[in-house]
Engineer: 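I am attaching a structure below and will ask some questions about it afterwards.
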Amino acid sequence: MNLFVTQVSDFDIPDIDSIGLPIIEHVLNQEKENKKGKQYSMRGQTGYHSLDDLASRKEDWSVALKNLLHAMLQEHAAKEQRAIPPVDLCRIMCWAFILRDGDISSFHNHPSAVYSGVLYLKVPETLEEDEGQLVFIDPRAQTRVGKYYDQNVFKRITPKKGDGYVFPNWLDHFVDPHYSGKERISISFNLVDMGM
């Protein structure tokens with residue numbers, strides 16, 4: 001018997017460059033034009049948080065991105081014996097994070113979503129073992145204090161380009177800093193409205 005299991009779905013998108021490269025170009029241009037989204041969990045001096053419209057634009061890459069994210073969300077929901085509506089009835093908010101040396105995403109969750117996720121478009125190959133990791137925190141509060149506390153509270157994942165994860169919106173997580181001298185670019189997304 002498994003009680004209180006938290007489902008996190010992982011994906012490997014081998015052809016991520018087909019939509020990832022145009023997204024990166026768009027986001028870097030947006031940064032040059034100084035169009036910033038809300039910073040939310042981003043901390044640091046050189047990182048960038050894009051606007052949250054990456055999956056709702058008219059460009060081909062945006063349509064392809066929304067279809068990909070919807071497919072990931074749909075597969076995750078099926079594992080929980082739930083369903084989500086067709087892609088045209090779902091609203092998916094999606095934004096990019098560019099994390100440079102020392103930048104982080106602090107401890108947070110996504111309270112206004114149904115499901116949340118992240119997809120990695122660019123990850124430096126020279127990261128040290130404990131740098132730039134996505135860290136999920138055990139949602140059971142008792143595991144975080146006193147005699148029950150141990151390192152299993154933190155599930156650390158070292159992502160690579162093309163990796164994706166979908167998880168419950170309430171699952172706390174953060175991102176460790178890296179010091180590679182290169183950009184680490186991911187997109188985060190929320191299924192915020194299922195059109196019902």
Side-chain angles (χ1 to χ4, degrees), residues 7-42 47-80 82-99 103 105 108-123 134 136 157 159-175 183-196:
Q7 178 68 49
V8 175
S9 298
D10 60 314
F11 300 87
D12 179 20
I13 312 299
D15 60 344
I16 193 62
D17 283 344
S18 64
I19 59 171
L21 293 177
I23 295 170
I24 291 171
E25 181 181 2
H26 170 78
V27 170
L28 290 173
N29 285 335
Q30 195 177 76
E31 183 181 23
K32 284 179 191 172
E33 295 169 8
N34 202 26
K35 294 180 182 175
K36 288 186 178 184
K38 295 179 181 178
Q39 298 302 290
Y40 297 112
S41 68
M42 177 172 275
Y48 178 71
H49 187 301
S50 80
L51 300 177
D52 62 10
D53 65 349
L54 295 179
S56 58
R57 299 176 59 87
K58 297 188 186 312
E59 292 93 334
D60 289 344
W61 58 260
S62 180
V63 174
L65 175 62
K66 184 175 183 183
N67 287 330
L68 172 61
L69 300 181
H70 183 269
M72 292 167 63
L73 290 158
Q74 193 170 41
E75 184 174 322
H76 177 81
K79 290 176 184 175
E80 294 190 335
R82 294 181 69 187
I84 63 173
V87 64
D88 56 326
L89 296 179
C90 290
R91 188 162 72 100
I92 301 172
M93 292 178 62
C94 181
W95 60 96
F97 258 176
I98 303 176
L99 298 180
D103 298 325
S105 179
H108 69 286
N109 57 45
H110 299 237
S112 59
V114 178
Y115 293 122
S116 298
V118 61
L119 181 62
Y120 292 90
L121 305 183
K122 182 178 179 183
V123 179
L134 170 62
F136 290 111
I157 298 170
K160 66 181 187 316
K161 183 170 80 168
D163 284 353
Y165 302 92
V166 176
F167 46 90
N169 68 304
W170 46 259
L171 185 60
D172 292 326
H173 56 284
F174 62 90
V175 175
E183 296 170 330
R184 177 185 178 281
I185 303 177
S186 61
I187 54 175
S188 296
F189 55 95
N190 288 332
L191 175 61
V192 294
D193 186 356
M194 298 205 297
M196 299 176 146

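Atoms considered below: every heavy atom in the structure, side chains included; atoms not considered: hydrogens, waters and symmetry mates.
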Engineer: Under the criterion salt bridge (Lys or Arg N to Asp or Glu O under 4.0 Å), I'd like the reasoning laid out for D17 against K161: C-alpha separation, chi angles, the key distance, then a yes or no.
Structural biologist: CA-CA 9 Å; D17 283 344; K161 183 170 80 168; 3.1 Å; yes

Engineer: Measure the spacing between CG of L51 and OG of S56 and express it to the nearest 0.5 Å.
Structural biologist: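 One gets 10.0 Å once the value is rounded to the nearest 0.5 Å.
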
Engineer: Crowded around E25 CD? As in, over 12 foreign heavy atoms under 6.0 Å?
Structural biologist: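 Not more than 12 within 6.0 Å, no.
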
Engineer: Say you draw a straight line from CG of L171 to NE2 of H110; how long is it, rounded to the nearest 0.5 Å?
Structural biologist: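 NE2 of H110 is found 9.5 Å from CG of L171.
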
Engineer: Verify the neighbour count for atom NZ of K79: are there more than 12 heavy atoms of other residues, nucleotides or ligands below 6.0 Å?
Structural biologist: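 Atom NZ in K79 is packed in, count exceeds 12.
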
Engineer: Between S116 and N190, do the side chains contain a donor N or O and an acceptor N or O under 3.5 Å apart?
Structural biologist: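 Side chains of N190 and S116: pair found under 3.5 Å.
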
Engineer: Taking all non-hydrogen atoms of both residues, which atom of I98 and which atom of E31 are closest, and how far apart?
Structural biologist: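 Residues I98 and E31, closest heavy atoms: CD1-OE1, 4.0 Å.
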
Engineer: What closest approach, in Å, do A55 and I92 show between heavy atoms, and which atom pair accounts for it?
Structural biologist: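 Heavy atoms of A55 and I92 come nearest at CB-O, 3.8 Å.
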
Engineer: Could you state the interatomic distance from CD1 (I187) to CD1 (I24), rounded to the nearest 0.5 Å?
Structural biologist: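 It comes to 9.5 Å.
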
Engineer: Taking the side chain as everything from C-beta on, heavy atoms only, tell me whether H76 gets closer than 4.5 Å to E80.
Structural biologist: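 They are in contact (side-chain heavy atoms under 4.5 Å apart), so the answer is yes.
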
Engineer: With heavy-atom distances below 4.5 Å as the criterion, would you say the side chains of K38 and W95 are in contact?
Structural biologist: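 No, their side chains stay 4.5 Å or more apart.
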
Engineer: Quick one: does C90's side chain get under 4.5 Å of H70's, heavy atoms only?
Structural biologist: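 SC-SC contact between C90 and H70 confirmed.
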
Engineer: Considering residues, nucleotides and ligands other than N29, do more than 12 of their heavy atoms fall under 6.0 Å from its CG?
Structural biologist: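 Above 12, so yes.
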
Engineer: Does E183 reach the side chain of L28, with side-chain heavy atoms less than 4.5 Å apart?
Structural biologist: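 E183 vs L28: side chains touch.
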
Engineer: Show the nearest heavy-atom pair for residues P159 and R184, with the distance to one decimal.
Structural biologist: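 Heavy atoms of P159 and R184 come nearest at CG-NH2, 3.8 Å.
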
Engineer: Out of curiosity, L65 CG to R57 CZ, how far, rounded to the nearest 0.5 Å?
Structural biologist: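 The distance works out to 11.5 Å.
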
Engineer: Could you list the residues that satisfy side-chain hydrogen bond (donor to acceptor under 3.5 Å, both in side chains) with D172, not counting sequence neighbours?
Structural biologist: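 Expected list: N109, R144.
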
Engineer: Is there a side-chain contact between I16 and L121, using heavy atoms and a 4.5 Å cut-off?
Structural biologist: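 Yes; the side chains approach each other to less than 4.5 Å.
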
Engineer: Dump the intermediate steps for side chain to side chain contact (heavy atoms under 4.5 Å, CB included) on L119 and L68, then the final yes or no.
Structural biologist: CA-CA 10 Å; L119 181 62; L68 172 61; 3.9 Å; yes

Engineer: In terms of the angle between their ring planes, are F136 and Y165 parallel, tilted or perpendicular, with boundaries placed at 30° and 60°?
Structural biologist: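 Aromatic pair F136/Y165 classed perpendicular.
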
Engineer: Are F189 and L54 side-chain neighbours, meaning at least one heavy-atom pair lies under 4.5 Å?
Structural biologist: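 A side-chain contact is absent here, since even the closest heavy-atom pair is not under 4.5 Å.
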
Engineer: Compare all side-chain heavy atoms of V118 with those of F97 and state whether any distance is below 4.5 angstrom.
Structural biologist: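 No, side chains not in contact.
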
Engineer: So which heavy atom on M42 is nearest to which on L99, and how close?
Structural biologist: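 Scanning both residues completely, I find the closest heavy atoms to be CE-CD2, 3.6 Å.
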
Engineer: Distance check, rounded to the nearest 0.5 Å: H26 atom NE2 versus S50 atom OG?
Structural biologist: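 Answer rounded to 0.5 Å: 6.5 Å.
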
Engineer: Roughly how far, to the nearest 0.5 Å, is CG of D12 from NZ of K160?
Structural biologist: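 Rounded to the nearest 0.5 Å, the NZ-CG separation comes out at 4.5 Å.
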
